[in-house]
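Before any comments, here is the structure.
All chains are named by letter (A, B, ...) in the order of the sequence lines, taking the proteins before the strands, and each is independently numbered beginning at 1. Everything numeric here is computed off the predicted structure, so don't read it as measured data. Every heavy atom of this structure was used, including side-chain atoms; hydrogens, water molecules and symmetry mates were not.
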Amino acid sequence: MNRVSRFYITTAIDYANGDPHIGHAFEKIGADAIARFHRMNGDDVHFLIGMDEHGQKVARTAEERGVSPQQLVDETAERFLAMWRRLSISNDQFVRTTDPQHKAGVQALLERIFEHNPDDFFERSYEGWYCVGCEAFKQDAEIVDGKCVLHPTRTLEWVQERNWFFRLSRYGTFLREHIERHPEFIQPESRRNEVLGWLDQGLEDISASRSRFSWGVPFPRPTSDGERQTTYVWFDALPNYLTATGFPRKESEGRWPATVHIIGKDITRFHAIIWPAMLQAARLPLPGRVWAHGFVLLGGDRFSKSAGVKLDLDEAIGRYGADAFRYFLLREVPFDGDGNFSWERFEERYTAELANAWGNLVSRSAAMIEKYRGGAVPAGSRGAADEADAADVAAYVAALDGRNGYLPHEALRVVARMVARSNEFVQSSAPWALAKDPTKSRQLDDTLASLARQIARQCVLYAPFMPEKAQAAWRQIGGSGEVADQRVTLLDGLDAGGWVVARGEPLFPRPIVAREG
RNA sequence: GGCAGGGUAGCUCAGCCGGUUAGAGCACGGCACUCAUAAUGCCGGGGUCGCGGGUUCGAGUCCCGCCCCUGCUACCA
(Lines give C-alpha, C1' and ligand atoms only; values in the text may rest on other atoms or scores of the structure.)
Protein backbone atom coordinates (compact mmCIF):
# COMPACT_ATOMS: atom_id res chain seq x y z
CA MET A 1 0.00 0.00 0.00
CA ASN A 2 2.97 2.25 0.50
CA ARG A 3 4.41 1.68 -2.90
CA VAL A 4 5.72 4.98 -4.19
CA SER A 5 5.10 5.51 -7.85
CA ARG A 6 7.49 7.42 -9.98
CA PHE A 7 5.95 10.41 -11.72
CA TYR A 8 8.12 12.22 -14.24
CA ILE A 9 6.24 15.13 -15.78
CA THR A 10 7.55 17.60 -18.34
CA THR A 11 6.31 20.68 -20.14
CA ALA A 12 7.35 21.89 -23.56
CA ILE A 13 10.57 23.88 -23.45
CA ASP A 14 9.91 27.47 -24.42
CA TYR A 15 11.66 29.09 -27.33
CA ALA A 16 14.07 31.75 -26.12
CA ASN A 17 12.99 34.42 -28.50
CA GLY A 18 10.68 36.67 -26.52
CA ASP A 19 9.18 37.04 -23.10
CA PRO A 20 6.89 34.68 -21.22
CA HIS A 21 3.23 35.27 -21.99
CA ILE A 22 -0.05 33.87 -20.77
CA GLY A 23 0.18 30.87 -23.08
CA HIS A 24 3.47 29.79 -21.54
CA ALA A 25 2.06 30.47 -18.09
CA PHE A 26 -1.07 28.38 -18.63
CA GLU A 27 0.94 25.30 -19.48
CA LYS A 28 3.34 25.68 -16.59
CA ILE A 29 0.59 26.36 -14.09
CA GLY A 30 -1.42 23.37 -15.26
CA ALA A 31 1.57 21.07 -15.11
CA ASP A 32 2.52 22.52 -11.74
CA ALA A 33 -0.88 21.77 -10.26
CA ILE A 34 -0.66 18.21 -11.54
CA ALA A 35 2.87 17.82 -10.17
CA ARG A 36 1.89 19.22 -6.79
CA PHE A 37 -1.14 16.96 -6.68
CA HIS A 38 1.01 13.92 -7.30
CA ARG A 39 3.43 14.92 -4.57
CA MET A 40 0.47 15.16 -2.21
CA ASN A 41 -0.61 11.78 -3.47
CA GLY A 42 2.66 10.42 -2.18
CA ASP A 43 4.29 9.86 -5.56
CA ASP A 44 7.94 10.33 -6.34
CA VAL A 45 7.59 13.38 -8.57
CA HIS A 46 10.12 14.93 -10.88
CA PHE A 47 8.88 18.04 -12.66
CA LEU A 48 10.91 19.35 -15.59
CA ILE A 49 10.57 22.61 -17.49
CA GLY A 50 13.10 24.46 -19.59
CA MET A 51 14.17 26.48 -22.59
CA ASP A 52 14.80 25.79 -26.24
CA GLU A 53 17.68 28.11 -27.04
CA HIS A 54 19.10 27.20 -30.42
CA GLY A 55 18.14 28.01 -33.96
CA GLN A 56 18.25 30.70 -36.50
CA LYS A 57 15.83 33.07 -34.87
CA VAL A 58 17.79 33.28 -31.68
CA ALA A 59 21.03 33.75 -33.58
CA ARG A 60 19.51 36.49 -35.67
CA THR A 61 17.93 38.31 -32.74
CA ALA A 62 21.24 38.22 -30.93
CA GLU A 63 22.97 39.67 -33.93
CA GLU A 64 20.42 42.45 -34.22
CA ARG A 65 21.01 43.38 -30.61
CA GLY A 66 24.74 43.10 -30.88
CA VAL A 67 25.12 40.43 -28.24
CA SER A 68 26.27 36.86 -28.43
CA PRO A 69 23.58 34.21 -28.76
CA GLN A 70 24.65 32.76 -25.43
CA GLN A 71 24.30 36.10 -23.72
CA LEU A 72 20.86 36.55 -25.23
CA VAL A 73 19.56 33.19 -24.08
CA ASP A 74 21.12 33.62 -20.65
CA GLU A 75 19.16 36.82 -20.19
CA THR A 76 15.99 35.29 -21.57
CA ALA A 77 16.26 32.27 -19.32
CA GLU A 78 16.60 34.63 -16.36
CA ARG A 79 13.37 36.38 -17.25
CA PHE A 80 11.48 33.12 -17.71
CA LEU A 81 12.80 31.76 -14.46
CA ALA A 82 11.83 34.91 -12.62
CA MET A 83 8.31 34.53 -13.97
CA TRP A 84 8.12 30.90 -12.92
CA ARG A 85 9.27 31.79 -9.41
CA ARG A 86 6.66 34.49 -9.28
CA LEU A 87 3.97 32.02 -10.30
CA SER A 88 5.13 29.45 -7.73
CA ILE A 89 6.04 26.89 -10.36
CA SER A 90 7.55 24.03 -8.40
CA ASN A 91 9.77 22.54 -11.07
CA ASP A 92 12.53 20.26 -9.80
CA GLN A 93 14.72 20.99 -12.77
CA PHE A 94 15.18 23.59 -15.49
CA VAL A 95 16.80 22.25 -18.61
CA ARG A 96 18.37 24.45 -21.28
CA THR A 97 19.36 23.17 -24.68
CA THR A 98 22.60 25.12 -24.38
CA ASP A 99 23.57 23.04 -21.35
CA PRO A 100 26.75 21.06 -22.15
CA GLN A 101 25.03 18.00 -20.74
CA HIS A 102 22.13 18.42 -23.15
CA LYS A 103 24.37 18.84 -26.18
CA ALA A 104 26.36 15.75 -25.26
CA GLY A 105 23.11 13.88 -24.70
CA VAL A 106 21.74 14.84 -28.11
CA GLN A 107 24.89 13.63 -29.80
CA ALA A 108 24.80 10.42 -27.81
CA LEU A 109 21.19 9.86 -28.85
CA LEU A 110 22.04 10.41 -32.51
CA GLU A 111 24.98 8.03 -32.26
CA ARG A 112 22.76 5.51 -30.62
CA ILE A 113 20.40 5.65 -33.56
CA PHE A 114 23.34 5.25 -35.95
CA GLU A 115 24.33 2.23 -33.93
CA HIS A 116 20.97 0.49 -33.66
CA ASN A 117 19.51 1.48 -37.01
CA PRO A 118 22.33 2.48 -39.34
CA ASP A 119 19.93 3.00 -42.22
CA ASP A 120 17.74 5.49 -40.40
CA PHE A 121 20.04 8.40 -41.15
CA PHE A 122 20.93 9.07 -44.74
CA GLU A 123 22.05 11.98 -46.86
CA ARG A 124 19.77 13.61 -49.30
CA SER A 125 19.86 16.69 -51.41
CA TYR A 126 16.94 18.87 -50.74
CA GLU A 127 15.97 21.55 -53.15
CA GLY A 128 13.24 24.06 -53.10
CA TRP A 129 12.33 27.70 -53.05
CA TYR A 130 14.30 29.51 -50.43
CA CYS A 131 13.17 32.84 -49.03
CA VAL A 132 16.05 35.00 -47.89
CA GLY A 133 13.68 37.06 -45.75
CA CYS A 134 12.50 34.03 -43.84
CA GLU A 135 15.82 32.25 -44.13
CA ALA A 136 13.82 29.13 -44.82
CA PHE A 137 12.55 26.87 -47.54
CA LYS A 138 8.96 27.55 -48.45
CA GLN A 139 6.26 25.04 -49.20
CA ASP A 140 3.88 25.49 -52.11
CA ALA A 141 1.13 26.66 -49.83
CA GLU A 142 3.27 29.57 -48.72
CA ILE A 143 4.08 30.77 -52.21
CA VAL A 144 1.81 33.11 -54.08
CA ASP A 145 2.69 34.47 -57.52
CA GLY A 146 6.13 33.01 -57.12
CA LYS A 147 6.82 35.07 -54.00
CA CYS A 148 6.90 34.23 -50.34
CA VAL A 149 3.65 35.40 -48.76
CA LEU A 150 5.57 36.98 -45.92
CA HIS A 151 8.11 38.73 -48.13
CA PRO A 152 6.35 39.52 -51.41
CA THR A 153 9.01 42.05 -52.39
CA ARG A 154 11.82 39.55 -52.40
CA THR A 155 12.62 37.04 -55.07
CA LEU A 156 12.63 33.40 -54.12
CA GLU A 157 15.79 31.50 -54.86
CA TRP A 158 15.91 27.90 -56.01
CA VAL A 159 18.39 26.44 -53.60
CA GLN A 160 19.84 23.03 -53.17
CA GLU A 161 21.15 21.75 -49.88
CA ARG A 162 22.54 18.42 -48.82
CA ASN A 163 21.45 17.31 -45.34
CA TRP A 164 21.16 14.38 -43.07
CA PHE A 165 17.66 12.91 -43.16
CA PHE A 166 15.83 10.63 -40.79
CA ARG A 167 13.78 7.78 -42.15
CA LEU A 168 10.58 8.68 -40.36
CA SER A 169 8.54 6.93 -43.04
CA ARG A 170 9.65 3.59 -41.62
CA TYR A 171 7.83 4.17 -38.36
CA GLY A 172 4.23 4.65 -39.46
CA THR A 173 3.18 1.10 -38.74
CA PHE A 174 5.02 1.02 -35.46
CA LEU A 175 3.38 4.25 -34.32
CA ARG A 176 -0.07 3.15 -35.32
CA GLU A 177 0.26 -0.09 -33.45
CA HIS A 178 1.62 1.63 -30.40
CA ILE A 179 -1.18 4.19 -30.37
CA GLU A 180 -3.82 1.54 -30.85
CA ARG A 181 -2.36 -0.62 -28.14
CA HIS A 182 -2.05 2.32 -25.75
CA PRO A 183 -5.18 4.44 -26.05
CA GLU A 184 -3.84 6.81 -23.41
CA PHE A 185 -0.63 7.50 -25.29
CA ILE A 186 -2.02 10.64 -26.89
CA GLN A 187 -4.71 12.56 -25.11
CA PRO A 188 -7.24 14.02 -25.19
CA GLU A 189 -8.97 11.83 -27.71
CA SER A 190 -9.48 14.58 -30.25
CA ARG A 191 -5.69 14.85 -30.54
CA ARG A 192 -5.34 11.12 -30.80
CA ASN A 193 -7.75 11.05 -33.72
CA GLU A 194 -5.78 13.76 -35.39
CA VAL A 195 -2.58 11.79 -35.08
CA LEU A 196 -4.21 8.69 -36.50
CA GLY A 197 -5.39 10.85 -39.37
CA TRP A 198 -1.84 11.96 -40.07
CA LEU A 199 -0.68 8.38 -40.07
CA ASP A 200 -3.37 7.58 -42.61
CA GLN A 201 -1.85 10.16 -44.90
CA GLY A 202 1.55 8.57 -44.62
CA LEU A 203 4.80 9.89 -43.22
CA GLU A 204 7.63 11.49 -45.11
CA ASP A 205 11.25 11.44 -44.12
CA ILE A 206 12.42 14.55 -42.32
CA SER A 207 15.64 16.47 -42.34
CA ALA A 208 17.83 16.06 -39.33
CA SER A 209 20.54 18.63 -39.96
CA ARG A 210 21.06 22.06 -41.48
CA SER A 211 24.06 23.65 -43.01
CA ARG A 212 22.83 27.23 -43.08
CA PHE A 213 23.28 28.08 -39.44
CA SER A 214 25.60 26.98 -36.69
CA TRP A 215 23.87 28.04 -33.48
CA GLY A 216 22.99 24.59 -32.26
CA VAL A 217 24.35 21.15 -31.53
CA PRO A 218 26.93 19.97 -34.07
CA PHE A 219 25.61 16.91 -35.86
CA PRO A 220 27.97 14.16 -34.72
CA ARG A 221 28.89 12.89 -38.17
CA PRO A 222 29.98 14.96 -41.16
CA THR A 223 28.26 14.56 -44.49
CA SER A 224 30.08 12.64 -47.21
CA ASP A 225 31.65 15.82 -48.54
CA GLY A 226 33.14 16.46 -45.13
CA GLU A 227 30.77 19.21 -44.05
CA ARG A 228 29.93 19.51 -40.38
CA GLN A 229 26.26 20.40 -40.04
CA THR A 230 24.03 21.55 -37.22
CA THR A 231 21.41 19.29 -35.66
CA TYR A 232 17.96 20.40 -36.75
CA VAL A 233 15.28 21.45 -34.33
CA TRP A 234 13.44 18.24 -33.50
CA PHE A 235 16.61 16.30 -32.87
CA ASP A 236 17.82 19.09 -30.63
CA ALA A 237 14.73 20.20 -28.74
CA LEU A 238 12.71 17.02 -28.20
CA PRO A 239 15.50 15.04 -26.54
CA ASN A 240 15.61 17.55 -23.67
CA TYR A 241 13.21 15.32 -21.78
CA LEU A 242 15.75 12.54 -22.01
CA THR A 243 19.01 14.45 -21.66
CA ALA A 244 17.66 16.14 -18.54
CA THR A 245 17.67 12.76 -16.82
CA GLY A 246 21.40 12.53 -17.34
CA PHE A 247 21.30 10.42 -20.48
CA PRO A 248 23.45 8.70 -21.60
CA ARG A 249 24.86 8.10 -18.14
CA LYS A 250 23.57 4.91 -16.59
CA GLU A 251 21.93 6.73 -13.70
CA SER A 252 19.36 8.14 -16.07
CA GLU A 253 17.72 4.77 -16.46
CA GLY A 254 15.76 5.19 -13.27
CA ARG A 255 13.99 8.32 -14.36
CA TRP A 256 13.33 7.77 -18.04
CA PRO A 257 10.76 7.29 -19.53
CA ALA A 258 8.61 10.30 -18.70
CA THR A 259 5.21 9.56 -17.27
CA VAL A 260 3.63 12.39 -19.20
CA HIS A 261 4.65 15.19 -21.53
CA ILE A 262 2.42 18.24 -21.14
CA ILE A 263 2.45 20.20 -24.38
CA GLY A 264 0.37 22.61 -26.44
CA LYS A 265 -1.83 21.14 -29.14
CA ASP A 266 0.18 22.96 -31.81
CA ILE A 267 3.16 20.70 -31.27
CA THR A 268 1.29 17.43 -31.04
CA ARG A 269 2.90 16.14 -34.21
CA PHE A 270 6.40 16.50 -32.86
CA HIS A 271 5.56 14.70 -29.65
CA ALA A 272 3.24 12.04 -30.99
CA ILE A 273 5.06 11.13 -34.18
CA ILE A 274 8.63 12.34 -34.42
CA TRP A 275 9.71 11.93 -30.81
CA PRO A 276 8.45 8.37 -30.34
CA ALA A 277 9.95 7.41 -33.70
CA MET A 278 13.32 8.79 -32.61
CA LEU A 279 13.17 6.89 -29.35
CA GLN A 280 12.19 3.70 -31.09
CA ALA A 281 15.05 4.14 -33.54
CA ALA A 282 17.38 4.44 -30.58
CA ARG A 283 15.77 1.47 -28.86
CA LEU A 284 14.73 3.55 -25.89
CA PRO A 285 11.42 3.37 -24.02
CA LEU A 286 8.63 5.70 -25.08
CA PRO A 287 6.97 8.18 -22.74
CA GLY A 288 3.78 6.98 -21.12
CA ARG A 289 1.62 9.78 -22.38
CA VAL A 290 1.47 12.96 -24.32
CA TRP A 291 -1.16 15.39 -23.09
CA ALA A 292 -1.94 18.20 -25.52
CA HIS A 293 -3.73 21.10 -23.88
CA GLY A 294 -5.54 23.90 -25.69
CA PHE A 295 -5.00 27.62 -25.73
CA VAL A 296 -5.97 30.58 -23.67
CA LEU A 297 -7.84 32.90 -25.99
CA LEU A 298 -8.43 36.58 -25.57
CA GLY A 299 -11.73 37.79 -26.91
CA GLY A 300 -11.94 34.57 -28.89
CA ASP A 301 -8.61 35.10 -30.61
CA ARG A 302 -5.30 33.48 -30.08
CA PHE A 303 -2.50 35.59 -28.72
CA SER A 304 -0.68 37.17 -31.56
CA LYS A 305 1.57 40.16 -31.98
CA SER A 306 0.30 40.92 -35.44
CA ALA A 307 -3.36 41.00 -34.44
CA GLY A 308 -2.53 43.01 -31.36
CA VAL A 309 -4.04 40.33 -29.17
CA LYS A 310 -2.01 40.45 -26.04
CA LEU A 311 -2.29 40.63 -22.33
CA ASP A 312 0.28 41.77 -19.88
CA LEU A 313 1.16 38.89 -17.60
CA ASP A 314 2.46 41.23 -14.90
CA GLU A 315 -0.82 43.07 -14.86
CA ALA A 316 -2.85 39.88 -14.67
CA ILE A 317 -0.79 38.52 -11.79
CA GLY A 318 -0.71 41.90 -10.10
CA ARG A 319 -4.48 42.19 -10.06
CA TYR A 320 -5.20 39.66 -7.32
CA GLY A 321 -1.91 37.86 -6.85
CA ALA A 322 -0.29 34.79 -8.30
CA ASP A 323 -2.57 32.27 -6.59
CA ALA A 324 -5.77 33.90 -7.76
CA PHE A 325 -4.36 34.07 -11.26
CA ARG A 326 -3.41 30.40 -11.15
CA TYR A 327 -6.87 29.55 -9.87
CA PHE A 328 -8.66 31.57 -12.48
CA LEU A 329 -6.76 30.19 -15.44
CA LEU A 330 -7.17 26.57 -14.44
CA ARG A 331 -10.80 27.03 -13.44
CA GLU A 332 -11.81 28.95 -16.53
CA VAL A 333 -9.86 27.26 -19.28
CA PRO A 334 -10.46 23.54 -19.71
CA PHE A 335 -7.17 21.68 -19.90
CA ASP A 336 -8.44 19.56 -22.78
CA GLY A 337 -9.54 22.45 -24.96
CA ASP A 338 -9.46 26.19 -25.51
CA GLY A 339 -10.90 28.81 -23.21
CA ASN A 340 -11.21 32.52 -22.93
CA PHE A 341 -9.47 34.96 -20.68
CA SER A 342 -11.45 38.07 -19.87
CA TRP A 343 -11.10 40.58 -17.09
CA GLU A 344 -14.84 40.43 -16.47
CA ARG A 345 -14.75 36.69 -15.81
CA PHE A 346 -11.64 37.10 -13.71
CA GLU A 347 -13.41 39.67 -11.52
CA GLU A 348 -16.50 37.48 -11.33
CA ARG A 349 -14.73 34.33 -10.33
CA TYR A 350 -12.42 36.08 -7.93
CA THR A 351 -15.23 37.85 -6.16
CA ALA A 352 -17.81 35.07 -6.23
CA GLU A 353 -15.70 31.97 -5.70
CA LEU A 354 -12.61 33.11 -3.88
CA ALA A 355 -13.58 36.16 -1.84
CA ASN A 356 -17.28 35.57 -1.15
CA ALA A 357 -17.51 31.81 -1.12
CA TRP A 358 -14.23 30.46 0.17
CA GLY A 359 -12.43 33.36 1.84
CA ASN A 360 -15.56 34.33 3.67
CA LEU A 361 -16.28 30.75 4.64
CA VAL A 362 -12.91 30.46 6.31
CA SER A 363 -13.40 33.80 7.94
CA ARG A 364 -16.89 33.15 9.31
CA SER A 365 -15.96 29.68 10.50
CA ALA A 366 -12.86 30.80 12.35
CA ALA A 367 -14.86 33.63 13.86
CA MET A 368 -17.55 31.29 15.16
CA ILE A 369 -15.07 28.82 16.61
CA GLU A 370 -13.41 31.72 18.35
CA LYS A 371 -16.61 33.24 19.59
CA TYR A 372 -18.42 30.09 20.69
CA ARG A 373 -15.55 27.81 21.69
CA GLY A 374 -12.73 30.14 22.61
CA GLY A 375 -10.83 29.39 19.41
CA ALA A 376 -10.37 25.64 19.94
CA VAL A 377 -12.00 23.29 17.46
CA PRO A 378 -14.19 20.95 19.51
CA ALA A 379 -14.23 17.19 19.07
CA GLY A 380 -17.22 16.13 17.02
CA SER A 381 -18.59 13.07 15.36
CA ARG A 382 -18.56 12.30 11.70
CA GLY A 383 -21.69 13.28 9.83
CA ALA A 384 -23.44 13.42 6.49
CA ALA A 385 -21.22 16.31 5.38
CA ASP A 386 -18.16 14.10 5.70
CA GLU A 387 -19.76 11.44 3.55
CA ALA A 388 -20.64 13.94 0.86
CA ASP A 389 -17.09 15.27 0.93
CA ALA A 390 -15.63 11.80 0.55
CA ALA A 391 -17.49 11.37 -2.72
CA ASP A 392 -16.23 14.71 -3.97
CA VAL A 393 -12.67 14.00 -2.95
CA ALA A 394 -12.86 10.85 -5.04
CA ALA A 395 -14.08 12.89 -8.00
CA TYR A 396 -11.27 15.37 -7.48
CA VAL A 397 -8.66 12.64 -7.45
CA ALA A 398 -10.15 11.10 -10.59
CA ALA A 399 -9.75 14.43 -12.37
CA LEU A 400 -6.04 14.68 -11.58
CA ASP A 401 -4.56 11.21 -11.27
CA GLY A 402 -4.61 10.60 -15.01
CA ARG A 403 -7.16 7.82 -15.24
CA ASN A 404 -9.40 10.12 -17.29
CA GLY A 405 -6.67 12.42 -18.47
CA TYR A 406 -5.58 15.59 -16.71
CA LEU A 407 -8.51 17.83 -15.94
CA PRO A 408 -7.59 20.47 -13.38
CA HIS A 409 -10.68 22.50 -14.30
CA GLU A 410 -12.81 19.54 -13.24
CA ALA A 411 -10.94 19.23 -9.98
CA LEU A 412 -11.51 22.90 -9.20
CA ARG A 413 -15.17 22.62 -10.06
CA VAL A 414 -15.46 19.85 -7.50
CA VAL A 415 -13.81 21.88 -4.75
CA ALA A 416 -15.98 24.89 -5.55
CA ARG A 417 -18.96 22.59 -5.10
CA MET A 418 -17.65 21.47 -1.73
CA VAL A 419 -17.22 25.08 -0.64
CA ALA A 420 -20.77 25.90 -1.72
CA ARG A 421 -22.01 22.94 0.31
CA SER A 422 -20.12 24.18 3.34
CA ASN A 423 -21.84 27.55 3.13
CA GLU A 424 -25.21 25.80 2.88
CA PHE A 425 -24.18 23.69 5.85
CA VAL A 426 -23.48 26.77 7.95
CA GLN A 427 -26.77 28.34 7.00
CA SER A 428 -28.87 25.27 7.65
CA SER A 429 -27.23 24.32 10.94
CA ALA A 430 -27.14 27.94 12.16
CA PRO A 431 -24.46 27.74 14.84
CA TRP A 432 -25.47 31.19 16.12
CA ALA A 433 -28.86 29.77 17.06
CA LEU A 434 -27.36 26.65 18.66
CA ALA A 435 -25.05 28.85 20.70
CA LYS A 436 -28.00 30.52 22.37
CA ASP A 437 -29.41 27.24 23.62
CA PRO A 438 -27.28 25.53 26.32
CA THR A 439 -29.00 22.19 25.71
CA LYS A 440 -27.65 22.17 22.18
CA SER A 441 -24.03 22.43 23.10
CA ARG A 442 -23.21 18.98 21.77
CA GLN A 443 -24.86 19.80 18.50
CA LEU A 444 -22.83 22.97 18.24
CA ASP A 445 -19.65 20.99 18.84
CA ASP A 446 -20.49 18.58 16.05
CA THR A 447 -21.30 21.42 13.70
CA LEU A 448 -18.14 23.40 14.34
CA ALA A 449 -15.96 20.30 14.25
CA SER A 450 -17.46 19.23 10.94
CA LEU A 451 -17.03 22.70 9.54
CA ALA A 452 -13.35 22.75 10.50
CA ARG A 453 -12.82 19.36 8.87
CA GLN A 454 -14.53 20.54 5.70
CA ILE A 455 -12.33 23.59 5.47
CA ALA A 456 -9.20 21.61 6.27
CA ARG A 457 -10.01 19.30 3.39
CA GLN A 458 -10.61 22.22 1.08
CA CYS A 459 -7.20 23.61 2.02
CA VAL A 460 -5.58 20.32 1.06
CA LEU A 461 -7.45 20.11 -2.22
CA TYR A 462 -6.72 23.71 -3.11
CA ALA A 463 -3.05 23.42 -2.22
CA PRO A 464 -1.86 22.22 -5.64
CA PHE A 465 -3.62 25.19 -7.23
CA MET A 466 -3.09 27.97 -4.71
CA PRO A 467 -0.11 26.93 -2.60
CA GLU A 468 0.20 30.22 -0.68
CA LYS A 469 -3.46 30.82 -0.04
CA ALA A 470 -4.13 27.21 0.89
CA GLN A 471 -1.34 27.43 3.44
CA ALA A 472 -2.70 30.70 4.84
CA ALA A 473 -6.20 29.24 5.17
CA TRP A 474 -4.75 26.10 6.74
CA ARG A 475 -3.08 28.28 9.38
CA GLN A 476 -6.26 30.24 10.01
CA ILE A 477 -8.29 27.14 10.65
CA GLY A 478 -5.59 25.94 13.04
CA GLY A 479 -3.71 23.38 10.96
CA SER A 480 -0.08 22.86 11.85
CA GLY A 481 2.88 22.41 9.57
CA GLU A 482 2.64 22.61 5.82
CA VAL A 483 -0.64 21.81 4.15
CA ALA A 484 1.45 20.54 1.23
CA ASP A 485 2.70 17.74 3.48
CA GLN A 486 -0.83 16.37 3.81
CA ARG A 487 -1.84 13.34 1.79
CA VAL A 488 -4.99 13.40 -0.32
CA THR A 489 -5.17 9.66 0.24
CA LEU A 490 -5.57 10.22 3.98
CA LEU A 491 -8.08 13.04 3.76
CA ASP A 492 -10.98 11.00 4.98
CA GLY A 493 -9.32 10.52 8.32
CA LEU A 494 -8.28 14.13 8.78
CA ASP A 495 -9.55 15.41 12.12
CA ALA A 496 -9.32 19.03 13.21
CA GLY A 497 -10.36 18.43 16.81
CA GLY A 498 -8.16 20.43 19.14
CA TRP A 499 -6.80 22.77 16.53
CA VAL A 500 -6.65 26.40 17.56
CA VAL A 501 -7.86 28.83 14.96
CA ALA A 502 -5.88 31.91 14.14
CA ARG A 503 -7.95 34.57 12.47
CA GLY A 504 -6.03 36.77 10.13
CA GLU A 505 -6.38 39.15 7.27
CA PRO A 506 -9.02 38.17 4.69
CA LEU A 507 -7.56 35.58 2.34
CA PHE A 508 -9.05 37.22 -0.70
CA PRO A 509 -9.93 40.83 -0.05
CA ARG A 510 -12.87 41.99 -2.08
CA PRO A 511 -11.97 44.38 -4.83
CA ILE A 512 -12.55 47.99 -3.92
CA VAL A 513 -15.61 48.98 -5.86
CA ALA A 514 -15.83 52.60 -6.79
CA ARG A 515 -19.20 53.88 -5.63
CA GLU A 516 -20.95 57.13 -6.07
CA GLY A 517 -22.26 58.96 -3.02
C1' G B 1 -11.26 20.72 -51.10
C1' G B 2 -10.61 16.46 -47.48
C1' C B 3 -10.89 14.72 -42.31
C1' A B 4 -12.55 15.78 -37.20
C1' G B 5 -15.45 18.35 -33.50
C1' G B 6 -19.18 21.72 -32.55
C1' G B 7 -23.89 25.09 -32.87
C1' U B 8 -28.83 24.14 -25.91
C1' A B 9 -31.12 30.29 -21.12
C1' G B 10 -27.70 37.33 -21.41
C1' C B 11 -22.60 34.67 -20.60
C1' U B 12 -19.77 29.75 -19.93
C1' C B 13 -21.37 25.05 -20.49
C1' A B 14 -23.95 19.64 -18.67
C1' G B 15 -27.46 16.73 -21.10
C1' C B 16 -24.89 8.41 -21.54
C1' C B 17 -27.45 3.63 -25.08
C1' G B 18 -34.20 8.45 -27.89
C1' G B 19 -39.00 8.74 -23.03
C1' U B 20 -42.54 12.08 -18.13
C1' U B 21 -42.97 19.74 -16.94
C1' A B 22 -34.79 20.73 -20.98
C1' G B 23 -30.48 21.41 -16.32
C1' A B 24 -25.94 23.88 -13.58
C1' G B 25 -22.82 28.09 -12.45
C1' C B 26 -22.50 33.34 -13.21
C1' A B 27 -25.56 37.69 -14.12
C1' C B 28 -30.76 39.62 -12.90
C1' G B 29 -35.38 40.14 -9.36
C1' G B 30 -37.69 39.07 -4.49
C1' C B 31 -37.34 36.99 0.48
C1' A B 32 -34.66 35.08 4.89
C1' C B 33 -30.59 35.16 8.27
C1' U B 34 -26.67 37.70 11.16
C1' C B 35 -21.36 33.82 12.34
C1' A B 36 -18.67 36.39 8.30
C1' U B 37 -14.76 40.03 3.58
C1' A B 38 -22.40 44.76 2.82
C1' A B 39 -20.50 38.17 2.87
C1' U B 40 -24.28 33.57 3.08
C1' G B 41 -28.95 30.79 2.24
C1' C B 42 -33.86 30.15 -0.11
C1' C B 43 -37.33 31.21 -4.09
C1' G B 44 -38.15 33.14 -8.97
C1' G B 45 -38.28 35.21 -14.13
C1' G B 46 -35.68 33.66 -18.50
C1' G B 47 -34.52 28.87 -23.78
C1' U B 48 -38.40 28.24 -31.60
C1' C B 49 -32.41 23.05 -27.88
C1' G B 50 -28.65 26.51 -35.83
C1' C B 51 -32.51 25.75 -40.26
C1' G B 52 -35.62 22.23 -43.12
C1' G B 53 -37.29 17.39 -43.84
C1' G B 54 -37.66 12.13 -42.12
C1' U B 55 -37.91 7.54 -38.76
C1' U B 56 -40.82 6.66 -34.20
C1' C B 57 -46.32 6.02 -29.84
C1' G B 58 -42.44 9.69 -28.54
C1' A B 59 -36.19 13.33 -30.76
C1' G B 60 -31.41 18.59 -28.23
C1' U B 61 -30.95 13.03 -28.05
C1' C B 62 -31.30 8.67 -34.39
C1' C B 63 -31.22 9.43 -40.26
C1' C B 64 -30.83 12.90 -44.70
C1' G B 65 -29.98 17.84 -46.63
C1' C B 66 -28.52 22.90 -45.77
C1' C B 67 -26.26 27.20 -43.04
C1' C B 68 -22.52 28.84 -39.62
C1' C B 69 -18.11 28.21 -36.28
C1' U B 70 -13.47 25.80 -34.73
C1' G B 71 -9.31 22.50 -35.33
C1' C B 72 -6.01 19.50 -38.45
C1' U B 73 -4.07 19.10 -43.51
C1' A B 74 4.37 18.27 -41.33
C1' C B 75 10.64 21.26 -41.64
C1' C B 76 9.54 29.21 -37.71
C1' A B 77 9.85 26.89 -33.09
So which nucleotide does B:rU48 pair with, by the Watson-Crick or G-U wobble rule with both distances under 3.5 Å? none
Within the structure, does a side-chain N or O atom of A:Asn193 lie under 4.0 Å from either OP1 or OP2 of B:rG5? no
In the structure I gave you, are the side-chain heavy atoms of A:Asp74 and A:Arg96 within less than 4.5 Å of one another anywhere? yes
Assigned partner base of B:rU21, Watson-Crick or wobble definition, under 3.5 Å: none
Strictly by Watson-Crick or wobble contacts shorter than 3.5 Å, is anything paired with B:rU55, and which nucleotide is it? none
Whole angstrom value for the distance that separates P of B:rC11 from CD of A:Glu344: 14 Å
Pairing nucleotide - B:rC33, Watson-Crick or G-U, each distance under 3.5 Å: none
Should the pair A:Tyr232 and A:Trp234 be assigned to parallel (<30°), tilted (30 to 60°) or perpendicular (>60°) ring geometry? perpendicular
Would you say A:Arg191 reaches B:rC72's phosphate, i.e. side-chain N/O to OP1/OP2 under 4.0 Å? no
Is a side-chain donor-acceptor pair under 3.5 Å present for A:Thr439 with A:Asp437? yes
A:Arg345 side chain N/O closer than 4.0 Å to the phosphate oxygens (OP1, OP2) of B:rC11? no
Between A:Tyr171 and A:Phe166, how do the two ring planes meet: parallel, tilted or perpendicular, split at 30° and 60°? parallel
